[in-house]
Amino acid sequence: MFAFRDSREGDVSRLRVDVAFTDSSLDLQGLRDDFPQVLARLEDELGVPLARASQVHGDEVLVVDAPIPLGHAPTADALVTRTRGLGLMVRVADCVPLVLADVEAGVVGAVHSGRPGMVLDIATRAVEVMREQGASEIAAWLGPHVCGACYEVPEQMRAEVSAVVPEAYAETSWGTPSVDVGAGVRAQLERAGVEVVEVGGCTREDQGLHSYRRDGSAAGRFAGLVWVS
Ligand SMILES: [Zn+2]
């Protein structure tokens with residue numbers, strides 16, 4: 001069920017933060033008929049209820065303090081909480097799933113940053129909202145996403161994106177223009193003073209992960225998850 005799991009305990013606080021990324025054995029595409037059952041199965045496995053958003057490639061960061069009922073997901077691309085026992089979920093298939101935590105302060109965040117989110121710098125915006133909520137030393141787990149060697153884009157798009165985020169300038173393994181969203185988001189986090197842990201490989205190349213570039217409209221979604229207990 002999981003491609004990656006990690007947990008950290010605070011030195012000063014008695015808090016623990018859990019981080020997980022699911023694999024392709026779960027399909028969390030919200031439009032599927034069985035989404036409620038899949039979500040319930042995941043919540044059972046984790047032992048926490050989940051808050052999630054309806055993601056739109058924007059830069060809205062929402063502070064939440066309760067699980068979100070089915071059918072009521074608010075529009076946002078990042079969630080932040082300081083509520084213990086509430087899991088945050090971000091769903092992706094190639095975009096960067098990012099989870100953030102300050103283990104001492106007990107503040108966590110989950111961010112959906114694809115190419116548009118990176119251009120809008122939603123990662124830094126989420127870090128700012130976490131700091132408003134009391135976070136100071138923030139660590140980030142940058143989850144599996146399509147790599148720069150696979151994410152082909154038109155030449156003009158690469159020029160526009162790299163004018164805003166120079167670190168995202170890349171070339172595919174077959175020599176055409178591409179964008180490296182992971183490198184761009186990593187640079188944004190480092191500029192914001194956040195420690196970055198890179199998790200997993202390229203979604204397009206790894207069959208164990210969902211990929212829109214590989215599977216098109218049939219692609220499933222996997223999740224980045226974080227919670228404090
Ligand atoms: Zn790749």
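All figures in this text were calculated on a predicted structure; none of them were measured in a lab. Both ligands and their constituent atoms are indexed starting at 1 by order of listing.
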Tell me, with the steps shown, if Arg41 and Leu26 meet side chain to side chain contact (heavy atoms under 4.5 Å, CB included). CA-CA 9 Å; Arg41 197 179 139 211; Leu26 283 186; 3.4 Å; yes
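- When all heavy atoms of Glu104 and Val12 are compared, the pair lying nearest together is OE1-N, 2.9 Å.
- Each of Glu195, Glu167, Glu198 was compared with Arg186 under the salt bridge (Lys or Arg N to Asp or Glu O under 4.0 Å) criterion, and only Glu198 meets it.
- Distance check: Arg158 CZ to Asp180 CG gives 12.0 Å after rounding to the nearest 0.5 Å.
- Sorted by chain and number, the protein atoms of type N, O or S within less than 2.8 Å of the Zn ion (ligand 1) are Cys147 SG, Cys150 SG, Cys202 SG, Glu205 OE2.
- Remark: Ala168 pairs with Met118, Val161, Val165, Val179 by the side chain to side chain contact (heavy atoms under 4.5 Å, CB included) rule, at least two apart or across chains.
- Here Glu160 contributes atom CD and Arg115 contributes atom CZ; the two are 9.5 Å apart, rounded to the nearest 0.5 Å.
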